[in-house]
Amino acid sequence: MRGHNGLVIHSHIIVTDRVKIKCRVEAYFYDATNNKQIPAAPGSPNSSSAGTAAVWRDIKPGFTSTEYKDFQIFVPTTTFHALPKGSHDLKIIVYVESENQVIGRSGENAFTLTL
C-alpha cells in the first residue's frame with residue numbers, strides 16, 4: 001500500500017460451492033518457536049476478537065468454482081507493534097471462512113520480521 005510500510009501476503013485460492021456467499025480470507029501470525037499467536041498492537045484495527053494480530057479481506061465468489069490466482073492482503077508493520085524491536089521468526093497461516101466455518105487452510109509459511 002503506498003505510503004505505508006508493511007508486507008503483502010500472496011495466496012492462490014480456489015473457492016467452490018459458494019456462489020454469491022460472503023467468505024472471508026484471514027491471515028494469522030504465530031511465533032515460529034512456540035506456536036503462540038502474536039498479540040496485536042494496542043488499538044490496532046488488525047486485531048482478531050481474541051486480541052491477536054490478524055488481517056482479512058472479504059470475498060464473494062461469482063461462480064461455482066472461483067479461482068483467485070494472486071489474492072493479496074496488505075499487512076501494515078504497525079500490526080506488529082506489540083512485539084519488541086529486533087528480529088522475530090514468525091509463521092503465517094491463511095484461512096478461508098464462510099458462514100462461521102473454516103472451508104480452507106494454507107500450510108504454515110515461515111518468515112523473519114525485523115522491527
Side-chain angles (χ1 to χ4, degrees):
M1 189 185 245
R2 290 186 180 166
H4 297 278
N5 292 326
L7 57 111
V8 178
I9 301 165
H10 295 263
S11 299
H12 181 199
I13 300 168
I14 300 172
V15 180
T16 57
D17 301 323
R18 297 283 191 244
V19 178
K20 297 185 181 179
I21 297 173
K22 180 181 163 186
C23 299
R24 178 167 280 181
V25 180
E26 304 172 335
Y28 293 93
F29 302 90
Y30 300 83
D31 184 302
T33 57
N34 64 20
N35 291 321
K36 290 185 179 178
Q37 283 190 281
I38 300 300
S44 173
N46 301 316
S47 175
S48 70
S49 60
T52 58
V55 291
W56 57 88
R57 275 184 56 199
D58 291 336
I59 58 175
K60 193 177 276 189
F63 304 96
T64 302
S65 180
T66 303
E67 181 175 17
Y68 301 88
K69 291 184 180 182
D70 187 24
F71 188 82
Q72 299 180 21
I73 301 176
F74 179 73
V75 187
T77 305
T78 56
T79 302
F80 303 104
H81 279 184
L83 295 173
K85 291 197 183 297
S87 185
H88 303 275
D89 291 326
L90 305 178
K91 62 183 176 182
I92 183 172
I93 301 175
V94 176
Y95 297 88
V96 180
E97 290 190 359
S98 179
E99 299 175 325
N100 297 315
Q101 292 184 352
V102 174
I103 61 170
R105 179 191 186 278
S106 73
E108 299 176 357
N109 294 287
F111 68 102
T112 300
L113 175 70
T114 302
L115 297 174

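Residue numbers run from 1 in the order of the sequence given.
- P61 and I21 get closest at one heavy-atom pair: CD-O, 3.4 Å.
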**Request:** Check the pair T78, F80 against side-chain contact (heavy atoms from CB on, under 4.5 Å), reporting the backbone distance first and the verdict last.
**Result:** CA-CA 5 Å; T78 56; F80 303 104; over 6 Å; no

**Request:** Could you go through the side-chain contact (heavy atoms from CB on, under 4.5 Å) check for S48 and Y28 one step at a time?
**Result:** CA-CA 9 Å; S48 70; Y28 293 93; 3.9 Å; yes

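- In terms of heavy-atom proximity, A40 sits nearest to A82 at O-CB, 3.5 Å.
- Residues F71 and V25 meet the side-chain proximity criterion, which asks for heavy atoms closer than 4.5 Å.
- Taking the side chain as every heavy atom from C-beta outward, D70 and Y68 never approach each other to under 4.5 Å.
- The shortest distance between side-chain heavy atoms of I14 and H12 falls below 4.5 Å.
- Closest of all the heavy-atom pairs between V55 and F74 is CG1-O, 4.0 Å.
- The CD1 atom of I9 sits 10.5 Å away from atom CD of Q72, with the distance rounded to the nearest 0.5 Å.
- For F111, the ring pair (Phe, Tyr, Trp, His ring centres under 6.0 Å) criterion is met by no residue, not counting sequence neighbours.
- Here the straight-line distance linking atom CG of L83 with atom NE2 of H88 works out to 4.5 Å at 0.5 Å rounding.
- Atom CG of N34 sits in a crowded spot, with more than 12 heavy atoms from other residues, nucleotides or ligands closer than 6.0 Å.
- Put simply, OG1 on T77 and CG on L113 are 7.0 Å apart, with the number rounded to the nearest 0.5 Å.
- Contact of the I59 side chain with the V15 side chain is registered, since non-hydrogen atoms from C-beta on lie closer than 4.5 Å.
- In this structure, the side chains of T52 and I38 stay at 4.5 Å or more apart for every pair of heavy atoms.
- Side chain of S98 to backbone of C23: no donor-acceptor contact under 3.5 angstrom is found.
- Residues satisfying the ring pair (Phe, Tyr, Trp, His ring centres under 6.0 Å) test with F63, not counting sequence neighbours, are none.
- A heavy-atom distance below 4.5 Å is not found between the side chains of V8 and I73.
- Note that the CD atom of E97 and the CH2 atom of W56 stand 11.5 Å from one another [nearest 0.5 Å].
- Residues L90 and T112 fail the side-chain proximity criterion, which asks for heavy atoms closer than 4.5 Å.
- A donor-acceptor pair under 3.5 Å is formed between the side chain of S106 and the backbone N or O of V94.
- Side chains of T79 and N46: a donor-acceptor N/O pair is present below 3.5 angstrom, by distance only.
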**Request:** May I have the step-by-step check of side-chain contact (heavy atoms from CB on, under 4.5 Å) for N109 and K91, ending in yes or no?
**Result:** CA-CA 5 Å; N109 294 287; K91 62 183 176 182; over 6 Å; no

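- Annotation: side chain of I13 is in contact with side chain of V96 (closest heavy-atom distance under 4.5 Å).
- Note on residues 56-65: pairs passing salt bridge (charged side-chain N to carboxylate O under 4.0 Å, His left out), not counting sequence neighbours, are K22-D58, R24-D58.
- Here the CG atom belonging to N5 is positioned 11.0 Å from the CG atom belonging to L115, to the nearest 0.5 angstrom.
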